[in-house]
Amino acid sequence: MSSLIDRRSFVALCAAAGIPSRLPDQLWTDATFDAPEKEMVAMAAITKEQVEAAEAVLGLSFRDSDRDLMLRSLNGALAGYQRLHVVPLPNQVPPAFYFDPVPVGKRPVGQPKRPARASLRTATNIPPNESEWAYAGVAALSRLIHGGVVTSRQLVERSLARIEKFNPELLCVITATKERALEQADRLDAEAKRGKFRGPLHGIPYGAKDLFAVPKYPTTWGSPIYKDQVLDVTAAVVERLDAAGAVLVAKTSLGEFAQNDTWFGGRTKNPWNTTQGSSGSSAGSASGVSAGLYPFAIGTETQGSIISPATVCGVSGLRPTFGRVSRYGAMALAWTMDKVGPIARSAEDLALVFAAIHGADPRDPSTRSMPFEFDPTLPLKSIRIGVTQNMMQPPDTAAMRAAAASGGAGGAGGAGGAGGGRGRGGSPEAAMANYQVTKAVLDALAKQGATFIPVSWPTEPATNALSCILNVEAGAAFADITRDNTVDKMVLQDANAWPTTFRSATMVSAVDYVLANRARTLMIQKLDEFFKDVDIVVGGGSLAMTNLSGHPQIVVPTVVGETRNQGVSFVAALYREDLLLRLAHAWQSASDIHLKRPPKFT
């Protein structure tokens, strides 16, 4: 059999994909590409009976004469698939297409230019004890570093000490990057002595989800399959934070291959209640910020992986617009849905981090540069704030009790999604408690000048049907270990775990995948029409819908404690992270909930 591709072409392909220079030679084997026909896996010819069985899986029904005509084409395609399956396609190689959240025929519109404003940093006192140091935010620590009160090395050593002390219980850090962090801190302190500061993140320690590549350290993706993997490339988000002066102290835990909070080392814990998991998949990023191990961390979200753990751990999380932050050097799960964003204790801190990491990167063709400036003084009356009607009215608890007594369903579910306090679901008491929490947020915003527009969130399409987009892309990202059954080594092995999803994804037709993306286009157009009337929505729509559309979302805490944590979320128009952060900051300026700390780690 002739070679499908020569070595030079393969190396060129890898270079174009941004794969480090030494990796292609590790991937290339002449035996793979030039294997004699007899060494290829034998694949029996497809029969009419098999076609008929496949039709049942795909929801189709053809005539027997149709099947006769299809056999030649199908068997020819099978030979092509056989050749395709021997082409080395590491996770870093993207498909030859990319997603754009901007509706067809529209131009992206970002925030307007505003006059210069005062720095985010505010005056702060020197923390009197170790707990106060641990829970000082990014802005406060920045002030201390710029004032010469504390050095980066001191902050880094404190962070590393807390990781060593608390990580055995929390399991929120997979690898502490001690040597790199201390070397970087000393370098930044030397710059500070010369009066050179790289910005508000200069000298501040942070954690990054362990799907971002960092040379000389394992990048495990949370899986025993890759626990010894070391990639000779620096993820773009780490590069940008290096340039901004932030110091990476930890590669934080993630649910294996970015799902839930269970990885090969165990289950990452919620610091408010360590009998519970922290949720996922940015599990360790949220848990470590909540426990005061690092002031901020970087996570990723495909469908809830920033919003959910931030809610559960009682911290603040920002999922930016799709394409705002480069994913170069990060594990790919779903190329058209993956997003990178920060987790911190306050909206103010999120703004400082986001300002450092957003922007276009030619190595990630989905990225786009759009202006961003967080203005904490922007009048709330200038923002068109939408609130769904059911969030503005108390639940009818009497009707809920009557429905329950007659065997009917409880109240209608709210539009909050994860992190939004799910409206009216559950018991009448829970529904009333959720309403009161939402009311407290709306009242606080109203006192600062906000007015609200009653809205109805667009009718959600069959997002369970569109879920094939995520599943198929994830299945393609890990097709190699699915085909050879290496997925058998993964931690979780049940109906809802990745191995089952990956295998099931191979049964989705390419036609249905494309149809789902066309339906996604209609959903994007519907949301574009919706956001003509509002800039931001309290609560917002479902996580599935807004992740598919690429809209930005933030969640900040409204209730924290050992029994439950709850947050309020805001969803904004594309590229309006500034408004998300402004509204979240307004709530936090009227509340001290985000300043509360889990007692066990205080």
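Both backbone and side-chain heavy atoms feed into the values below; hydrogens, waters and symmetry mates do not.
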### Query
Can you find a pair of side-chain heavy atoms, one from Q588 and one from V556, that are under 4.5 Å apart?
yes

### Task
Consider only side-chain N and O atoms of T252 and K209, and report whether a donor and an acceptor are under 3.5 Å apart.
no

### Message
Could you check whether F322 and H551 have their ring centres less than 6.0 Å apart?
### Response
no

### Query
Taking the six-membered ring where the residue is Trp, are the ring centres of W335 and F97 under 6.0 Å apart?
no

### Task
Might you point out which heavy atoms bring P101 and T321 nearest each other, and give the distance in Å?
CG-CG2, 4.3 Å

### Task
To the nearest 0.5 Å, tell me how far L579 CG sits from L380 CG.
10.0 Å

### Query
Please walk me through it: do V437 and V568 pass side chain to side chain contact (heavy atoms under 4.5 Å, CB included)?
CA-CA 9 Å; V437 167; V568 62; over 6 Å; no

### Query
Hey, does R582 have a side-chain heavy atom less than 4.5 Å from the side chain of I383?
yes

### Task
Start with the C-alpha gap between M545 and M523, add the side-chain angles, then the distance that decides, and say whether side chain to side chain contact (heavy atoms under 4.5 Å, CB included) holds.
CA-CA 8 Å; M545 189 175 186; M523 182 186 72; 3.6 Å; yes

### 4.5 Å side-chain heavy-atom contact, R327 and T300
no

#### Entry: Beyond-backbone contact of S290 with P598, side-chain heavy atoms, under 4.5 angstrom
yes

### NZ/NE/NH1/NH2 to OD/OE distance under 4.0 Å, E529 and K532
yes

### Task
Drop me the distance from L470's CG to T501's OG1, to the nearest 0.5 angstrom.
9.0 Å

### Query
Within a strict 4.5 Å, meaning less than it, do heavy atoms of the Q566 and N434 side chains meet?
yes

### Message
Is a donor from one side chain sitting under 3.5 angstrom from an acceptor on the other, for E473 and T336?
### Response
yes

### Query
In terms of side-chain heavy atoms, does S287 have a donor or acceptor partner in S278 at a distance below 3.5 Å?
no

### Message
Could you tell me if N547 and K339 have a donor-acceptor pair between their side chains, going purely by distance under 3.5 Å?
### Response
yes

### Message
For the CG atom of D578 and the NE2 atom of H585, what is their distance to the nearest 0.5 Å?
### Response
13.5 Å

### Summary
Taken to the nearest 0.5 Å, the spacing of S253 OG from D261 CG works out to 8.0 Å

### Salt-bridge contact R576-D535 (side-chain N to carboxylate O under 4.0 Å)
no

### Message
Could you check whether R319 pairs with E301 (Lys NZ or Arg NE/NH1/NH2 to Asp/Glu carboxylate O, under 4.0 Å)?
### Response
yes

### Message
Checking the side chain of D338 only, and the main-chain atoms of A334 only, is there a donor and an acceptor separated by less than 3.5 Å?
### Response
yes

#### Entry: SB check D100 R368 (cutoff 4.0 Å)
yes

### Message
Using side-chain heavy atoms (C-beta onward) and a distance below 4.5 Å, is V312 in contact with W272?
### Response
no

### Message
Check whether T311 reaches the backbone of I307 with its side chain - one donor and one acceptor, N or O, closer than 3.5 Å.
### Response
yes

### Message
For a quick check under 3.5 Å, do T367 and S326 share a side-chain donor-acceptor pair by atom type?
### Response
no

#### Entry: Side-chain donor-acceptor pair present, S346, S316, cut-off under 3.5 Å
no

### Task
Show your working on salt bridge (charged side-chain N to carboxylate O under 4.0 Å, His left out) between D528 and K106 and close with a plain yes or no.
CA-CA 10 Å; D528 180 60; K106 299 292 183 71; 2.5 Å; yes

### Query
Of the non-hydrogen atoms in P342 and I357, which two are nearest, and what is the gap between them?
CD-CD1, 4.4 Å

### Task
Check each of F478, W498, W263 against F257 using the ring pair (Phe, Tyr, Trp, His ring centres under 6.0 Å) test, and report the only one that passes.
F478

### Query
Looking at side-chain heavy atoms only, is the closest gap between S589 and Q448 below 4.5 Å?
yes

### Message
Restricting to ring pair (Phe, Tyr, Trp, His ring centres under 6.0 Å), what partner residues turn up for F354, sequence neighbours left out?
### Response
H358, F372

### Query
Considering all heavy atoms of both residues, which atom of L318 and which atom of I306 are nearest to each other, and what is their separation?
O-CD1, 3.7 Å

### Task
Determine, step by step, whether W457 and T546 satisfy the side chain to side chain contact (heavy atoms under 4.5 Å, CB included) criterion, reporting the C-alpha distance in whole Å, the side-chain angles of both residues, the deciding distance to 0.1 Å, and the verdict.
CA-CA 11 Å; W457 189 257; T546 55; 3.9 Å; yes

### Summary
Of all heavy-atom pairs linking A360 and S369, the shortest is N-OG, 2.9 Å

### Summary
The salt bridge (charged side-chain N to carboxylate O under 4.0 Å, His left out) partners of E577 (sequence neighbours excluded) come to R324

#### Entry: Separation between CG of L543 and OG of S305, rounded to the nearest 0.5 Å
9.5 Å

### Query
What distance separates Q259 CD from T302 OG1, expressed to the nearest 0.5 Å?
10.0 Å

### Task
Would you kindly check if the NZ (Lys) or CZ (Arg) of R384 is within the cone defined by 45 degrees around the ring axis of F452 and under 6.0 Å from the six-membered ring centre?
no

### Message
Could you check whether any side-chain heavy atom of L293 comes within less than 4.5 Å of a side-chain heavy atom of F601, counting everything from C-beta outward?
### Response
no

### Q393 and Y435 side chains, donor-acceptor separation under 3.5 Å
no

### Task
Ignoring hydrogens and angles, tell me if any N or O in the side chain of S427 forms a donor-acceptor pair with the backbone of A430 under 3.5 Å.
yes

#### Entry: Which atom of P458 lies closest to which atom of L527, heavy atoms considered
CG-CD2, 3.8 Å

### Intermediate values then yes/no, side chain to side chain contact (heavy atoms under 4.5 Å, CB included), V571 and I536
CA-CA 6 Å; V571 176; I536 192 167; over 6 Å; no

#### Entry: Pair E429 + R401: basic N to acidic O under 4.0 Å
yes

### Query
Can the ring centroids of F296 and Y206 be said to lie less than 6.0 angstrom from one another?
yes

### Query
How close do D349 and A344 get, heavy atom to heavy atom, and via which atoms?
CB-CB, 3.8 Å

### Test item: D396 side-chain N/O and A399 main-chain N/O as donor-acceptor pair under 3.5 Å
yes

